[in-house]
**Student:** 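Can you read through this structure? Questions will come right after.
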2 protein chains.
Amino acid sequence: MPNTKVLPLLDPASDGSVAPCCPPLTERPFTAEEAEAAARMFKALGDPVRLRLFSAVASHEGGEACVCDIPDVGVSQPTVSHHLKKLREAGLLASERRGTWVYYRVEPSVPAAMGRLLTNASSVV
Amino acid sequence: MPNTKVLPLLDPASDGSVAPCCPPLTERPFTAEEAEAAARMFKALGDPVRLRLFSAVASHEGGEACVCDIPDVGVSQPTVSHHLKKLREAGLLASERRGTWVYYRVEPSVPAAMGRLLTNASSVV
DNA sequence: TGTCTATATTGACAGCCATCGATACAAGGC
DNA sequence: GCCTTGTATCGATGGCTGTCAATATAGACA
């Protein structure tokens with residue numbers, strides 16, 4: 001199992017690109033479904049350990065890192081694995097085994113979509 | 001008590017503006033303190049009900065809404081109040097009582113800072 | 001003063017979740 | 001085959017959190 005399924009947070013378009021799940025936060029009140037989808041992503045980054053793991057992967061050269069490259073964040077190995085799985089399930093990271101090691105890389109379109117959700121939200125009408 | 005204290009997520013500069021708490025996620029691995037601060041913000045948006053409330057305020061004209069303006073999101077009045085408090089404590093909303101009603105408005109610099117954290121994270125080096 | 005409306009707080013409870021140790025699985029070297 | 005190393009899963013547990021009903025508080029208006 002190289003990596004888990006891509007979540008319905010982004011709709012894969014016909015050309016293979018992805019479209020954001022939701023309009024900017026300022027456009028109109030979110031529906032329950034939109035909020036459910038977007039909250040999953042924010043929740044994934046709403047834990048300090050996960051944020052450090054994500055940042056470690058994102059800042060590693062090539063936007064990709066072996067688990068062994070990730071600096072110690074003060075929790076046990078099973079906990080690290082648990083959090084990496086959560087980030088995968090949220091669509092923020094993808095993983096791939098290469099021989100002995102497992103590499104994680106950032107799924108760039110997802111943070112980009114989250115960013116658009118927010119940055120357009122700052123230019124209040 | 002018009003609104004609770006501004007959290008240390010953004011450092012108020014001498015000129016009154018605010019600077020982001022953390023570098024972009026790709027710049028380097030977050031420290032424990034940076035992750036703690038940034039995770040608080042993401043966590044606040046990591047709940048569907050809070051996201052709907054925030055979106056309702058952000059999309060209301062003027063980026064401000066009375067609680068009575070917020071459409072029903074399917075939870076009780078105390079729960080709405082509880083979530084609005086959480087959003088306040090995360091620095092995402094500010095509140096002000098005007099007569100009978102309490103108005104909430106978006107603290108624009110905070111989502112903007114969160115957005116920068118993420119959008120720069122998508123342009124992987 | 002009393003009453004009505006709008007919002008906040010309190011207290012309780014159920015479900016979720018971050019964490020760990022123990023263990024399992026995967027791959028490479030012997 | 002066996003052993004070692006890297007990663008994932010399992011099961012248990014304590015703490016956090018979203019939710020509600022009940023109640024409190026704030027302000028407007030008689």
Side-chain angles (χ1 to χ4, degrees), chain A residues 1-5 30 32 35-36 38-54 56-57 60 64-90 92-105, chain B residues 1-5 30 32 35-36 38-54 56-57 60 64-90 92-105:
Chain A
M1 178 182 58
N3 53 3
T4 34
K5 68 180 188 305
F30 269 24
E36 202 72 54
R40 260 194 296 268
M41 302 189 286
F42 285 114
K43 194 174 189 177
L45 293 181
D47 178 273
V49 171
R50 279 198 292 273
L51 211 42
R52 293 186 76 185
L53 295 175
F54 185 80
V57 172
H60 204 260
E64 165 176 288
C66 167
V67 180
C68 57
D69 293 326
I70 298 176
D72 179 51
V73 295
V75 297
S76 70
Q77 177 269 322
T79 304
V80 169
S81 191
H82 166 73
H83 283 303
L84 288 172
K85 183 180 185 180
K86 289 255 183 169
L87 287 167
R88 251 190 298 133
E89 290 174 345
L92 286 161
L93 293 180
S95 70
E96 182 190 357
R97 176 178 283 273
R98 290 211 278 276
T100 305
W101 297 281
V102 176
Y103 287 79
Y104 282 79
R105 68 177 178 282
Chain B
M1 179 182 59
N3 52 3
T4 35
K5 68 180 189 304
F30 269 24
E36 202 72 54
R40 260 195 297 268
M41 301 188 287
F42 285 113
K43 195 174 188 177
L45 293 182
D47 178 273
V49 171
R50 278 198 293 273
L51 210 42
R52 292 186 76 183
L53 295 175
F54 185 80
V57 172
H60 203 259
E64 167 176 287
C66 167
V67 180
C68 58
D69 292 326
I70 298 177
D72 178 52
V73 294
V75 296
S76 70
Q77 178 269 324
T79 302
V80 169
S81 191
H82 166 73
H83 283 303
L84 288 173
K85 184 181 186 180
K86 290 254 183 171
L87 288 167
R88 252 190 298 132
E89 289 174 345
L92 287 161
L93 292 180
S95 69
E96 183 191 357
R97 175 178 284 271
R98 291 211 280 275
T100 306
W101 297 280
V102 176
Y103 287 79
Y104 282 80
R105 68 176 178 283

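Just so it is clear, the structure is predicted and the values come from calculations on it, not from any experiment. Throughout, a chain's letter reflects where its sequence line sits, starting with A, and its residues are numbered from 1. In what follows, every heavy atom counts, from backbone to side chain, and hydrogens, waters and symmetry copies are set aside.
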**Student:** Tell me: CZ of A/F42 to C1' of D/dT17, nearest whole Å?
**Tutor:** 20 Å

**Student:** Do the side-chain N or O atoms of B/S76 get closer than 4.0 angstrom to the phosphate oxygens (OP1, OP2) of D/dT19?
**Tutor:**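 No, B/S76 has no side-chain N/O under 4.0 Å of OP1/OP2 on D/dT19.
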
**Student:** Which residue pairs pass the side-chain hydrogen bond (donor to acceptor under 3.5 Å, both in side chains) test when at least one of the two sits in residues 65-77 of chain B, sequence neighbours left out?
**Tutor:** B/S76-B/T79

**Student:** Look at the side-chain N and O atoms of A/Y104 and state whether any lies under 4.0 Å from the OP1 or OP2 oxygen of D/dA8.
**Tutor:** yes

**Student:** Using the test side-chain contact (heavy atoms from CB on, under 4.5 Å), find all partners of B/K86 that sit at least two apart in sequence or belong to another chain.
**Tutor:**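 Listed in chain order: B/R50, B/H82.
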
**Student:** Which part of the nucleic acid, if any, lies within reach of B/V49 when heavy atoms closer than 4.0 Å are counted: base, sugar-phosphate only, or nothing?
**Tutor:**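 B/V49: backbone/sugar contact only, no base atoms under 4.0 Å.
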
**Student:** What one-letter contact string describes nucleotides 11-16 of chain D from 5' to 3', where B marks a base within less than 4.0 Å of any protein heavy atom, S marks contact via sugar-phosphate atoms alone, and - marks no contact?
**Tutor:** ------

**Student:** Is the distance from OP1 or OP2 of D/dC20 to the nearest side-chain N or O of B/T79 less than 4.0 Å?
**Tutor:**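 So the side chain of B/T79 is within the cut-off, an N or O lying under 4.0 Å from OP1 or OP2 of D/dC20.
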
**Student:** Go through the structure and list residues passing side-chain contact (heavy atoms from CB on, under 4.5 Å) with B/A35, not counting sequence neighbours.
**Tutor:** A/P48, A/L51, A/R52, B/F30

**Student:** Starting at CG of B/L84 and ending at P of C/dA8, how long is that distance when rounded to a whole Å?
**Tutor:** 7 Å

**Student:** Kindly calculate the angle separating the two end axes of the helix from C/dT1-D/dA30 to C/dC30-D/dG1, each obtained from five base pairs, and round it to 10 degrees.
**Tutor:**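 Here the local axes at opposite ends form an angle of 20°.
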
**Student:** Can you tell me which nucleotide in C/dT19, D/dC20, C/dA8 comes closest to the side chain of B/V75?
**Tutor:** D/dC20

**Student:** Which nucleotide in the set C/dT7, D/dT19, C/dA18 lies at the smallest distance from any side-chain heavy atom of A/D47?
**Tutor:**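 So the nucleotide nearest the side chain must be C/dA18.
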
**Student:** Of all the choices, C/dA18, D/dT19, C/dA8, which nucleotide is nearest to the side chain of A/H83 once you look at every atom?
**Tutor:**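 Closest of the options to the side chain of A/H83: C/dA18.
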
**Student:** Under 4.0 Å from OP1 or OP2 of C/dA18: is there any side-chain N or O of A/K86 that close?
**Tutor:**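 For A/K86, the contact criterion (side-chain N or O under 4.0 Å from OP1 or OP2 of C/dA18) is met.
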
**Student:** Can you check each nucleotide of nucleotides 22-30 of chain C against protein heavy atoms at under 4.0 Å and return B for base, S for sugar-phosphate only, - for none, in 5' to 3' order?
**Tutor:** B---SSS--

**Student:** Could you tell me how far apart A/K85 (NZ) and C/dC17 (P) are, to the nearest whole angstrom?
**Tutor:**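 Taking atom P of C/dC17 as the reference, NZ of A/K85 is at 13 Å.
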
**Student:** C/dA8 C1' sits how many Å from B/L87 CG, rounded?
**Tutor:**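 In whole Å, C/dA8 C1' lies 15 Å from B/L87 CG.
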
